[in-house]
There are 2 protein chains.
Amino acid sequence: MLTQRQLLILQVIIDDFIESAHPVGSRVISKNGKIPFSAATIRNEMADLEEMGFLEKTHSSSGRIPSEKGYRYYVDHLMAPIPEDAGVNVIKHVIQDGFFEFEQLVQMSAEVLSKLTNYTSIILGPELVETKLKQIQIIALSDHTAVAILVTNTGHVEHRSFSIPIEMNPADLEKMVNILNEKLQGVSIIRLSEVFQTEITSLMQKYIRDFDKSYDYLKEIFFNEHPVKLYIGGKSNILMQPEFNDVDKIRSFFSMIENEDKMASLIKRTKDGIKVTIGNENKAEAIKDLSLITASYQLGENQMGTIALLGPTRMEYRKVITLLHVLSNEMTDALDMWYKNNE
Amino acid sequence: MLTQRQLLILQVIIDDFIESAHPVGSRVISKNGKIPFSAATIRNEMADLEEMGFLEKTHSSSGRIPSEKGYRYYVDHLMAPIPEDAGVNVIKHVIQDGFFEFEQLVQMSAEVLSKLTNYTSIILGPELVETKLKQIQIIALSDHTAVAILVTNTGHVEHRSFSIPIEMNPADLEKMVNILNEKLQGVSIIRLSEVFQTEITSLMQKYIRDFDKSYDYLKEIFFNEHPVKLYIGGKSNILMQPEFNDVDKIRSFFSMIENEDKMASLIKRTKDGIKVTIGNENKAEAIKDLSLITASYQLGENQMGTIALLGPTRMEYRKVITLLHVLSNEMTDALDMWYKNNE
DNA sequence: TATTAGCACTCGGAAGGTAAGAGTGCTAAC
DNA sequence: GTTAGCACTCTTACCTTCCGAGTGCTAATA
C-alpha cells in the first residue's frame, strides 16, 4: 500500500521530528542524504502521506509532523531496532549489582529508567500473589506500647506500632503471637485478613483474656489493605521536554501524576509483552496527548507488576522500547533467582 | 521613626499585595476605608516609605510592592496576629488523631502543612539522638537468605535482607543474634556502628565459626548511615503561585527541591523558635527570591527536628507563622507523650 | 502647616500592522 | 517520473499606537 520510498520518507520524518521537535520540511529531507530525490518530489510524497493520514501540518505552509496514525505505523512496522545503547548496560549493571528486597529493586529500576530516558517512569507492583507470610513478631517497647512486625518470604517487612490494652498481660501477648504464627505462616499475604477472620478470631477469644478489647489493634494490622505500591521516577523530567513549555500543561501534568490511584489504574491492565499507547489511544482523558509504554515483569507464570514510561507522543520509541525490554527481562530474571532462593 | 500613619499604610500595602500579587496604588488604599486620607496624601507617604527602602516600584508609574526590607519590618513589627484560622484546628485534629511512629507523624505533618498553605513544606528529622536500639532479630527466609530487623524504642523498624554465607549454620546465626542483642540493647542508634566495631567484632570472632566471612553483611546493617530523613510535601504547590508563571523558574525550583542534601542543609541550622528568612537573607543562591520559614519541634531538651515552609517572598506570613507555631507545639507535645510511653 | 484636587507625565500591555523567512502546492519543462 | 520555479500561506519577530493605571508635582484649600 505504501511504496518503498514513502516508507523511507515517513521514517525519516518521524526520526527527525522525534529528535528535533520541529516540523520537518521537504528541503531538509532531500538534503539529509538518505533519499536521492529533489525537494519537489518529496513534497508530492508528503502530500500523499498526509492524505493517507500518516502526517499532519501545524498550519497550511508548515513542514510535516507525524500524526498519531503515523507514530502507530512507525512503532508497528518502521522502527529500526536500536543498534547499541549505553543505557542497556547501565540497566544490567544496576540490576545485577544486587538488591535487598523487591521494593528496592523496583525503586532503583524506576530511577534508572527515568534517568536514562528523561521521561517519567512508573512502576507498579510487585503484586503480592506469590508473597507469603513468613513470621509475625510482636516486640514490646514499653508497658503500654508494642510494635508488630510481619515478615514475608520475599524479605519484605511491614510493621506497625500500637498501644497495648491494659487488660492484656505479657503472657497473653505471647500466646497471641504463637497462635498467629502457627495459623498464619505460609499464608498468602492477600488472604491474610480472610484467614485471620475465619480461623484466628474464635481461637483467640477462647485463649486470650479480654481478647475483644485488643482485637481492634490486630485488625488494623491484618486488614490494612497492603496496597499495590506505585513508584514514580523523574516526575519533573517532563519539564525538559519542549512540548511542556506552557505552565498550564505542567500544572495539569503534575495534578495527574500526583493522583496515585489514577496512575495505577492507567497501567494496570497490561498483559505480557510491551504495549505502546499513543495519544488518543489512551483511554484516560488526562494523558490523551501523551504516550504510554508499558511492559510487565514476571515471576514464573504469574504476572507480578508493570513498568511504564510516560512521555510526549514525540517519544524516542526505539530507545524506550529497547530499554523497557531489557529492564523487564532483567527484573524477571532477578526476581526469579530471588524467589528460588526464598522458596 | 515611622509615623503611625506610615506604619498603617505599609501594613495595608503589604497585606493587600500578599493577597493580590498586584502592585498597590494609592487610590486603592484610600478607598479601602482603613486610612481616612486622600490618595494624594497617601502618595506622599508612599514616596517617603519608598525612600526609606520599605517599598519598591516595578516601574516608574506603577503601584508599590513591598521590598525585602518591607517584608522584614512587617514580619518583625507589623503583622497583626491572626484571629482564628481553620487550619489550626485541622492540624490539632490530625496530630491528635494518633500516629504509629515518628515517621508517620512527620509525614502527615508535612502533608497537612502544604495542603493548608499551598506552599512547599519541608520537614527534617526526627534526629536520632534519643533513639535507642530495642531489639535485633534475624529471621531466616530460606537456607540461603535472611532478613535482619532492628527495632528502636521509638517504634521505628529498619530491615535488610542478606544472603547467609554457606559456612554459617543456624546455631551460629542464633548465637550471633544473642550476642548482638545482649551487647547492643539500649545503645543509641547513632553510636551503633561504633559499639559494634569496638565490642562486638572481637566477641564474634571468638564464638562464631568463619565469622570474618559473614562480617560484611552485618557491617552493612550497622554502618548504614541512618541518614536524617527529609520529607517534602506539596512540591507542585508552587505552581499555583502567580510568581511561578515562567517555565524556567519552575525548572530551577524543581531542580533545587530534588537535591535532598541541599534542602536538608538549607534548614538545618535552625535554633529554637520560628525563624523567617526573606529573599536575599537566604544564604543559598537557589532560594534568593523565595522566603523560608522554619520552626523546630522538640523532645525534652534535645532539639529533634525542623519544620519549614518554602514559598514566594510574597508569603502569607501571618497564617504561615501561626500554623507553624501550632504544628511545632503539637508535634512536641505528641512526641513528648510518645517518648514517655516508650521510656 | 497639613491636606487635597488637578493635571501632565510615564510606563506596561493589548491590538494592530508590516516584513522576513520557511515551507507548501502547482505548473511547466526536462 | 522527476524537478525547477514561482506564487502563495502562515508564523514570528518587531514596531507602532493607544488606553489605563498610577505617579509626582503644583497650587488651592482648611
Side-chain angles (χ1 to χ4, degrees), chain A residues 2-10 12-17 19-67 70 242-243 245-247, chain B residues 2-10 12-17 19-67 70 242-243 245-247:
Chain A
L2 288 175
T3 68
Q4 209 56 34
R5 191 167 68 189
Q6 284 172 330
L7 290 177
L8 195 55
I9 291 175
L10 184 57
V12 169
I13 290 178
I14 297 183
D15 280 338
D16 188 294
F17 183 70
E19 198 194 317
S20 72
H22 295 301
V24 186
S26 55
R27 237 186 95 86
V28 184
I29 299 179
S30 83
K31 291 247 165 177
N32 99 340
K34 287 194 186 157
I35 298 163
F37 293 97
S38 75
T41 308
I42 290 168
R43 268 204 296 285
N44 289 328
E45 297 284 35
M46 283 161 82
D48 290 347
L49 284 167
E50 183 178 357
E51 210 169 316
M52 289 184 273
F54 294 107
L55 296 177
E56 286 172 357
K57 284 191 277 195
T58 60
H59 59 88
S60 73
S61 73
S62 78
R64 300 305 204 293
I65 63 170
S67 67
E243 23 274 281
N245 249 338
D246 161 19
V247 183
Chain B
L2 287 176
T3 68
Q4 207 56 35
R5 192 168 68 191
Q6 284 172 331
L7 290 177
L8 196 54
I9 291 175
L10 184 57
V12 169
I13 290 178
I14 297 184
D15 281 337
D16 187 295
F17 182 71
E19 199 193 316
S20 73
H22 294 301
V24 185
S26 54
R27 235 185 96 85
V28 183
I29 299 180
S30 82
K31 292 248 164 173
N32 99 341
K34 288 193 185 158
I35 299 163
F37 294 97
S38 76
T41 309
I42 290 168
R43 267 205 295 287
N44 289 328
E45 298 284 35
M46 282 162 82
D48 290 347
L49 284 167
E50 183 177 358
E51 210 168 317
M52 290 185 271
F54 295 106
L55 295 177
E56 286 173 356
K57 286 191 276 195
T58 60
H59 58 89
S60 72
S61 72
S62 78
R64 299 304 203 295
I65 63 170
S67 67
E243 23 275 281
N245 249 337
D246 160 20
V247 184

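We name chains A, B, ... by the order of the sequence lines, and we start the count at 1 in each one.
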Measure the distance from [atom1] on [X] to [atom2] on [N] and round it to the nearest whole Å.
| X | N | atom1 | atom2 | answer |
| --- | --- | --- | --- | --- |
| B:Ile42 | C:dA2 | CD1 | C1' | 14 Å |
| B:Lys31 | C:dT4 | NZ | P | 14 Å |
| A:Asp16 | C:dG23 | CG | P | 11 Å |
| B:Arg64 | C:dC11 | CZ | P | 14 Å |
| A:Glu45 | C:dT24 | CD | P | 14 Å |
| A:Glu51 | C:dC26 | CD | P | 10 Å |
| B:His22 | D:dG20 | NE2 | P | 18 Å |
| A:Ile13 | C:dG23 | CD1 | C1' | 13 Å |

### A:Lys57 backbone acceptor or donor facing A:Ser62 side chain under 3.5 Å
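Such a contact is absent between A:Ser62 side chain and A:Lys57 backbone.
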
### Query
Are the charged groups of A:Arg64 and A:Glu50 less than 4.0 angstrom apart, N to O?
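A salt bridge links A:Arg64 with A:Glu50.
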
Does a nitrogen or oxygen in the side chain of [X] sit under 4.0 Å from OP1 or OP2 of [N]?
| X | N | result |
| --- | --- | --- |
| B:Lys57 | D:dA21 | no |
| B:Ser38 | C:dT4 | yes |
| B:Arg27 | D:dG20 | no |

Looking at the side chain of [X], which of [options] is the nearest nucleotide?
| X | options | result |
| --- | --- | --- |
| B:His59 | D:dG24, C:dC11, C:dT24 | C:dC11 |
| B:Ser61 | D:dT3, C:dT24, C:dT10 | C:dT10 |
| B:Glu50 | D:dG24, C:dT24, C:dT4 | D:dG24 |
| A:Arg5 | C:dT4, D:dC10, D:dT2 | D:dT2 |

### Query
Roughly how far, to the nearest 0.5 Å, is CG of B:Asp48 from CZ of B:Arg5?
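Result: 9.5 Å between the selected atoms.
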
### From A:Ile29 atom CD1 to A:Glu45 atom CD, the distance as rounded to the nearest 0.5 Å
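The distance works out to 10.5 Å.
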
### Task
Select from B:Arg43 and B:Ser60 the residue whose nearest nucleotide in DNA chain C is closer to the 5' end of that strand.
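Closest to the 5' end, via its nearest nucleotide, is B:Arg43.
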
### Query
For A:Ser26, which contact category applies under a 4.0 Å heavy-atom criterion: base, sugar-phosphate, or nothing?
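The answer is sugar-phosphate, as A:Ser26 gets under 4.0 Å only of primed atoms, P, OP1 or OP2.
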
### Query
Is B:Thr41 touching bases, backbone alone, or none of the nucleic acid, heavy atoms closer than 4.0 Å?
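Base contact.
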
### Message
Would you say CD of B:Glu19 has more than 12 non-hydrogen atoms from neighbouring residues, nucleotides or ligands within 6.0 angstrom?
### Response
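12 or below, so no.
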
